[in-house]
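Here is the naming used below: chain letters follow the sequence lines, and residue numbers restart at 1 for every chain.
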There are 2 protein chains.
Amino acid sequence: MTTINDIAKMANVSRTTVSRVFNNGYVSEDVRKRIMKIVEETGYTPSLSAKSLRTKKSGVIGVILPKISTETASRVVSGINEVVAKENFQILLTDTELKKEKEIEYIRLLKSRHVDGIILLATNINADLIKAISAADLPFISIGQDLPGVTSILYDDYHAASDLTNLLVANHHKKIAFIGVGEEDPSVGRQRKMGYLDTLAKTNLPIREEWIEEGDFSIESGYECAKKIIRNSEKNLPTAIFAVTDRMAIGAMEYLREQGYSIPQDIAVAGIGASTMSKHLTPPLTTVDYYNKDAGKKAAQLLLAQMVQKKDKEKYTQTYRLIKRDSV
Amino acid sequence: MTTINDIAKMANVSRTTVSRVFNNGYVSEDVRKRIMKIVEETGYTPSLSAKSLRTKKSGVIGVILPKISTETASRVVSGINEVVAKENFQILLTDTELKKEKEIEYIRLLKSRHVDGIILLATNINADLIKAISAADLPFISIGQDLPGVTSILYDDYHAASDLTNLLVANHHKKIAFIGVGEEDPSVGRQRKMGYLDTLAKTNLPIREEWIEEGDFSIESGYECAKKIIRNSEKNLPTAIFAVTDRMAIGAMEYLREQGYSIPQDIAVAGIGASTMSKHLTPPLTTVDYYNKDAGKKAAQLLLAQMVQKKDKEKYTQTYRLIKRDSV
DNA sequence: AAAGGACATGTAATCGATTCCACACATGTT
DNA sequence: AACATGTGTGGAATCGATTACATGTCCTTT
């Protein structure tokens, strides 16, 4: 591996001068050319570890995901990358596999790797996490959960859920079932459920326990929840099922189809997430587009801005869009 | 930021000793405890830039993707991560946006970042790329393309395509259309097409130009290709369409459905990739599972092995699995 | 003609770790 | 008693860059 010293020797200059060639200092045209020629010949590229050690900047931003291979995650990462790559940053990826402790562990790790900032796709909120974030003392953005004291990009879960419920109501559904997730996830678990419940309450529609089930984000759990709902309410079937994610909605559709219910005539289904799949199902699924990629872009922009100058911690709420399709 | 020197001072030892605590050198139980206590109190974590500068190892492996937000990519990355995370490596992600030059650029960049190895999800082969790889002189794995002189993990595109074609033939299809991609991509563009063509030739089935179209991986291009095929062969419609990716197959299905053809009665459709979606389409799509995640794992294992000790460049062919579903 | 400024380059300290070598002491071996 | 061996610690060089400061030209200005 050739170093700056090798180049300096070969060009008969000091390494200071070589460094200046790369950092826009005073260098005569003459010397600059001589050095560049040698650089090209040797294929020299400066060691970024050394540079990072000296400058305290790495040109890397850390991204913490709950799970790599989900469509949401890959859209967000793609958005982040689109923005940061333009500024010649790279992404260091970590995956918590949905384990809370790992979030904190990775924040520490990323800090010791001298990343210039961190974006966290958050799935929960807890005091230790907040503490770890503030201890890291780095530009930090949370996506998806409102972390106190942290710049957060939020989806409007409450209103998305209530709009969707209202859409079902507008389509003459009076008996609306719900497939949710656990409340450890404040946004998906709690906010979306509140949106659903409040809307039913406001429109004086019945809320029945046997119409409400809790899954774990997976297609299979959507299937199981639908099964429970149907079985537990044989005499009083709902006419619509609202699942808080597309995947669970898909599982529900599958069960309904297996049981011979037709969608939406017998039972309507709606989800959230605007997965690619949702458009190509039969019938196409009514859902909510959260513009995940834009959320990633926005997060990256805010992060870059914070790196230049400390900002007050703010909250940004993303827009969303109802996509009405034939499943309702 | 606290450094090793701070810790050393606070513990009244030399920084050598502090370093030894983290690197399993001789340290008395007494001193080790004293140091660890201070480490905990201060939240000290060693600077990995400094460490990397000194040791020439970074604990980071570079991954070069053609496009981040595709299901294939995210499965592979997930597999890679699963393996390397266990050894405390992280992934540095780069996205070429399908631009050849960027592959080379990123190889250089990753090199200067002192990554310990690189995994490339390859989409093409060219001399400059090979040169750049050998110049980098790093443990290197290619996934998806057979790069000369580079350890490669290959999908068996030729046989997967010919098996799939044979499956169509076995289902009494004699007029089989094909939606492919450009031959710049040797694996998807060339091998899969060869598998298709050779099988037709061997079984004495007709190969007709108007049944062969070329898309660009997207769902829309699948739709357009299907449209062209149907329009160009009105008097002699194929009874099956083989698309080399699931996404293009989905586009084709969409067009066929719009035009009132029923699948598979009028025209059968098959794809490759075993996308999550394929299972939930109506009808479910016949496809080939390439076990992308396993490919990622395998790549990571080989890379880790190469990092320990240089190995001969080898070629590994992944197994695949035909998934026969109702679209055929 | 002396002073000041712009330009070009070099010297040396520094970033935060690792690691070779030396040294001190205690214990075991012959 | 002399020597080897094992254990625990520190000194100092080193990795490859950046950067404050110093130095030396050459030109312009007054």
Side-chain angles (χ1 to χ4, degrees), chain A residues 1-36 38-39 42-60 88 108-116 136-138, chain B residues 1-36 38-39 42-60 88 108-116 136-138:
Chain A
M1 191 65 191
T2 65
T3 75
I4 197 172
N5 288 306
D6 302 334
I7 305 292
K9 249 175 242 159
M10 294 167 96
N12 240 324
V13 295
S14 76
R15 67 165 166 276
T16 310
T17 304
V18 178
S19 172
R20 273 195 274 255
V21 169
F22 290 96
N23 298 285
N24 307 315
Y26 286 123
V27 183
S28 64
E29 214 31 55
D30 213 30
V31 173
R32 159 169 269 123
K33 265 187 202 145
R34 179 149 45 101
I35 292 177
M36 282 315 289
I38 297 176
V39 167
T42 54
Y44 163 76
T45 52
S47 155
L48 294 180
S49 322
K51 181 169 181 153
S52 157
L53 174 59
R54 188 59 230 253
T55 62
K56 309 280 172 219
K57 312 214 163 294
S58 62
V60 172
N88 293 314
R108 295 227 181 86
L109 177 83
L110 291 172
K111 168 85 175 176
S112 67
R113 282 207 186 285
H114 292 292
V115 299
D116 296 332
D137 189 31
L138 277 173
Chain B
M1 190 66 189
T2 65
T3 76
I4 197 172
N5 287 306
D6 301 334
I7 304 292
K9 247 174 246 162
M10 294 168 94
N12 238 326
V13 296
S14 75
R15 65 164 165 278
T16 310
T17 304
V18 177
S19 171
R20 273 194 275 255
V21 169
F22 291 97
N23 298 283
N24 307 318
Y26 285 123
V27 183
S28 65
E29 213 31 54
D30 214 29
V31 174
R32 158 170 270 121
K33 266 187 202 146
R34 179 149 43 100
I35 292 177
M36 282 314 288
I38 296 177
V39 167
T42 56
Y44 163 76
T45 52
S47 154
L48 294 180
S49 323
K51 180 168 181 154
S52 158
L53 172 60
R54 187 60 228 250
T55 61
K56 311 277 171 222
K57 309 210 166 298
S58 61
V60 173
N88 293 314
R108 296 228 180 86
L109 177 83
L110 291 171
K111 169 83 175 177
S112 66
R113 283 208 186 284
H114 291 291
V115 298
D116 297 332
D137 189 31
L138 277 173

d([atom1], [X]; [atom2], [N]) in whole Å:
X: K56(B); N: dA17(D); atom1: NZ; atom2: C1'; value: 11 Å
X: L48(A); N: dC15(D); atom1: CG; atom2: P; value: 18 Å
X: K111(B); N: dG16(D); atom1: NZ; atom2: C1'; value: 14 Å
X: K57(A); N: dT18(D); atom1: NZ; atom2: P; value: 14 Å
X: F22(A); N: dT19(D); atom1: CZ; atom2: C1'; value: 17 Å
X: I4(A); N: dT14(C); atom1: CD1; atom2: P; value: 19 Å
X: R32(A); N: dC7(C); atom1: CZ; atom2: C1'; value: 13 Å
X: L53(B); N: dT18(C); atom1: CG; atom2: P; value: 11 Å

Can you sort out the partners of [X] under side chain to side chain contact (heavy atoms under 4.5 Å, CB included), two or more places apart, ordered by chain and number?
X: S14(B); result: T16(B), T17(B)
X: S49(A); result: S47(A), S52(B), L53(B), H114(B)
X: K9(A); result: none
X: K56(B); result: none

Check your understanding: Of the options T2(B), T45(B), V21(B), I7(B), which is the one that meets V39(B) in a side chain to side chain contact (heavy atoms under 4.5 Å, CB included)?
Key ->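 The side chain to side chain contact (heavy atoms under 4.5 Å, CB included) with V39(B) is passed solely by I7(B) among T2(B), T45(B), V21(B), I7(B).
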
Review point. Roughly how far, to the nearest 0.5 Å, is OG1 of T42(A) from CE of M1(A)?
Key: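 Separation between the atoms: 9.0 Å.
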
Check your understanding: What is the distance from atom CZ of R15(B) to atom CG of N5(B), rounded to the nearest 0.5 Å?
Key ->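 Answer rounded to 0.5 Å: 5.0 Å.
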
Review point. By side chain to side chain donor-acceptor pair (under 3.5 Å), which residues pair with S19(A), not counting sequence neighbours?
Key: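 Side chain to side chain donor-acceptor pair (under 3.5 Å) list for S19(A), sorted by chain: N23(A).
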
Check your understanding: For D137(A), which residues count as a side chain to side chain donor-acceptor pair (under 3.5 Å) partner, sequence neighbours excluded?
Key ->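 With neighbours one apart ignored, the set is K310(A).
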
Exercise for review: Can you pull out how bent the helix from dA1(C)-dT30(D) to dT30(C)-dA1(D) is, comparing the axes over its first five and last five pairs, to 10°?
Suggested key: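 Angle reported: 50°, given to the nearest ten degrees.
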
Check your understanding: Looking for any heavy atom pair under 4.0 Å, which part of the strands does Y44(A) touch: base, sugar-phosphate only, or nothing?
Key ->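 Since only primed, P, OP1 and OP2 atoms lie under 4.0 Å of Y44(A), the category is sugar-phosphate.
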
Exercise for review: Identify the heavy atoms of D116(A) and K57(A) that sit nearest to each other, and give their distance.
Suggested key: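 The pair with the smallest heavy-atom distance is OD1-CA, 3.4 Å.
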
**Study point:** Closest contact, heavy atoms only, Y44(A) versus T3(A)
**Key:**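 Between these two residues, the closest heavy atoms are CE1-C, 3.6 Å.
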
Exercise for review: Within residues 6-14 of chain B, find the residues that approach DNA chain D with a heavy atom at under 4.0 Å, and present them sorted by residue number.
Suggested key: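 Heavy-atom contacts with DNA chain D come from N12(B), V13(B), S14(B).
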
Dump the pairs, protein N or O against N or O of nucleotides 19-21 of chain C, anything under 3.5 Å, distances to one decimal.
from: dT19(C); atom 1: O4; to: T16(B); atom 2: OG1; distance (Å): 3.3

Without placing hydrogens or testing angles, list every side-chain donor-acceptor pair under 3.5 Å for residues 26-36 of chain B, not counting sequence neighbours.
from: S28(B); atom 1: OG; to: V31(B); atom 2: N; distance (Å): 3.3
from: R34(B); atom 1: NH1; to: A11(B); atom 2: O; distance (Å): 2.3

Close N/O contacts between protein and nucleotides 24-27 of chain C (under 3.5 Å):
none

Could you pull out the protein-nucleic contacts involving nucleotides 4-8 of chain D (nitrogen or oxygen on both sides, under 3.5 Å)?
from: dT7(D); atom 1: OP2; to: Y26(B); atom 2: OH; distance (Å): 3.2

